[in-house]
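Heads up: the structure comes next, in structure tokens.
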Amino acid sequence: MNHLFTFPMEAYLKELEQIINMDSGTADVDGCWRVAAFLKARLRRAGLAAAAVPYGTPQRPLVAAVTPASSDDPLTSDKNYDFLFLGHLDTVFPAGTAESRPFRLHEAEGRVYGPGAVDMKAGALLMIYIAEYLLHVKPDISLCLLLNSDEETGSLESAPLLQNFGARCHRAFVFEGGRKQGQFVCQRKGCAKYEMKVSGIASHAGTSPQQGASAIVEAAHVILQLDKLKRYDRGTTVNVGLLEGGTALNMVADHCTAQMEVRYTNEQELSRIEKALSKLERDTYINGTAVAFTKLSQTPPLRPTPQTQELMAQMENYGRLLSTASPDSVAADSPSFPPVAFVSAGGLSDANRLAPCNIPIIDGCGPSGGFPHSEKEFLSIATVKSRFFFVTGLILHLCHE
């Protein structure tokens, strides 16, 4: 890396302020388009060929950019790329949040507060700064950048687009926020979501309760059995998060609906759970009731393949090189770097969606912070520069290798 280079933090924070102050909740399609337009323009100023195109039923935006810039439409190009940078521009917050809780810079704490600060507008913007620098120092570099707008609801509609690009890239870096100690993420659980519908027999709860069959009581029994299926030692969790049923307080309930999710690390565990669901459908607890499970969605787990493990080893090796580098070989304001480390995560990201592409995938490449999805969400400013210098140096190191 050019030792005279200084990261343009002031410019970065000004642009971050602009996009944090634009609402872009997943359901706020207009807001997502405003952020997409900003990022597309910024990518073009960085020297990439960029486009924002609609996808899915609500016609939400996908921002795609590739190097080198040319007349090629990145959405129709069939080229292969050495590196994929992946992120999302949507947040979990409804329209109006940015106005009530806008970007706030707290210099004494070294933090930025605001909706989507760390999840993941800081990472989305940093992707562009990294690509811009790499294109400047290595004009022939081969990059593809993607930003979708339905990640917070599982990327169900963008998954085919992500996988189409992922299959044509040799390595992928996902810019979700890094862990608190700066670790990267190499593994994430899979998630399967189900709806349970229980039917029963309605009856008056006071005059003829014995003629009824309570769907709610049956659901309660099933839920207790579901809770017994979790295996923390195997990384398997089962959670019923929504429950609704009945018509009136004085009626034996003839219907009840619940939604649940299963988090798992391998398909054998998911198979075990689904066999148990089938048994619960067959063997009801209350005579006259019926239980039916419907799978709503499934997201595969992200596991460190041999190719990913090789990339992890290269990252660890580069980290050791950084720790022994002479002062005149690093950038003017390059930060110190903790040892490269990797962790597993229980939450989902678009790294899960890339898993079927069978390419090396490293997640958690964005800057760090805390309390995502909450009013206390913040970005740790120092980690922006740390991630920038590490990732740019790593990419150049990998190109050299």
Side-chain angles (χ1 to χ4, degrees), residues 1-3 5 7 81-87 118 120 122-123 126-127 129-131 133-134 137-138 141-144 166 169-189 235 265-266 301-331 333-347 349-352 354-355 357-369 380 382-401:
M1 178 175 287
N2 183 350
H3 71 280
F5 180 82
F7 182 76
Y81 300 95
D82 289 331
F83 303 99
L84 170 63
F85 293 173
L86 181 59
V118 72
M120 57 159 286
L126 186 61
M127 286 168 51
Y129 274 71
I130 290 172
Y133 177 82
L134 291 171
V137 299
K138 188 175 174 54
I141 196 162
S142 178
L143 301 175
C144 174
C169 296
H170 299 306
R171 303 178 183 92
F173 296 93
V174 182
F175 281 79
E176 292 283 354
R179 304 295 98 172
K180 290 182 179 180
Q181 304 302 318
Q183 305 101 319
F184 296 91
V185 175
C186 64
Q187 182 170 339
R188 287 185 181 272
K189 291 182 180 180
T265 57
N266 62 69
L302 172 71
R303 289 191 292 268
T305 64
Q307 296 94 329
T308 298
Q309 291 172 339
E310 180 181 355
L311 178 54
M312 292 163 62
Q314 290 172 312
M315 293 174 67
E316 291 168 343
N317 179 56
Y318 178 68
R320 286 189 288 270
L321 290 175
L322 278 179
S323 66
T324 59
S326 61
D328 61 352
S329 66
V330 296
D333 64 341
S334 179
S336 59
F337 300 97
V340 174
F342 301 91
V343 296
S344 300
S349 84
D350 282 332
N352 296 76
L354 287 181
C357 297
N358 196 32
I359 60 174
I361 303 168
I362 300 297
D363 200 351
C365 297
S368 304
S380 175
T383 64
V384 173
K385 188 165 61 175
S386 175
R387 276 297 197 249
F388 174 87
F389 282 113
F390 183 86
V391 176
T392 52
L394 172 67
I395 297 294
L396 294 172
H397 175 73
L398 293 172
C399 288
H400 178 71
E401 284 197 342

Over all heavy atoms of both residues, which pair between [X] and [Y] is shortest? Give the atoms and the distance, please.
X: Phe342; Y: Cys186; answer: CB-SG, 3.9 Å
X: Ser349; Y: Asp363; answer: OG-OD2, 2.6 Å
X: Gly166; Y: Ile359; answer: O-CD1, 3.5 Å
X: Arg303; Y: Pro301; answer: NH1-CG, 3.1 Å
X: Leu311; Y: Pro360; answer: CD2-CB, 3.8 Å

Side-chain contact test, heavy atoms from C-beta onward, threshold under 4.5 Å: evaluate it for [X] versus [Y] and give yes or no.
X: Gln187; Y: Thr308; value: no
X: Val137; Y: Thr392; value: no
X: Phe83; Y: Ile395; value: yes
X: Val185; Y: Arg179; value: yes
X: Phe388; Y: Ile130; value: yes
X: Arg387; Y: Leu126; value: yes
X: Lys189; Y: Thr265; value: yes

Nearest-0.5 Å distance that lies between atom [atom1] in [X] and atom [atom2] in [Y]:
X: Leu394; Y: Arg171; atom1: CG; atom2: CZ; answer: 8.5 Å
X: Lys180; Y: Ser380; atom1: NZ; atom2: OG; answer: 12.0 Å
X: Leu302; Y: Ser344; atom1: CG; atom2: OG; answer: 9.0 Å
X: Leu354; Y: Phe173; atom1: CG; atom2: CZ; answer: 12.5 Å

Partner residues of [X] under the ring pair (Phe, Tyr, Trp, His ring centres under 6.0 Å) criterion, sequence neighbours left out:
X: Phe175; value: Phe85
X: His170; value: none
X: Tyr318; value: Phe390, His397

Q: Could you give me the CA-CA distance, side-chain angles and deciding distance for Asp82 and Leu398, then say whether side-chain contact (heavy atoms from CB on, under 4.5 Å) is met?
A: CA-CA 10 Å; Asp82 289 331; Leu398 293 172; over 6 Å; no
(Q) Parallel, tilted or perpendicular: which one describes the rings of Tyr129 and Phe7, with boundaries at 30° and 60°? (A) tilted
Q. With distance as the sole test, does Gln307 use its side chain to make a donor-acceptor pair with the main-chain N or O of Thr305 at under 3.5 Å?
A. no
(Q) Side chains of Thr383 and Ser386: any donor to acceptor distance under 3.5 Å? (A) no
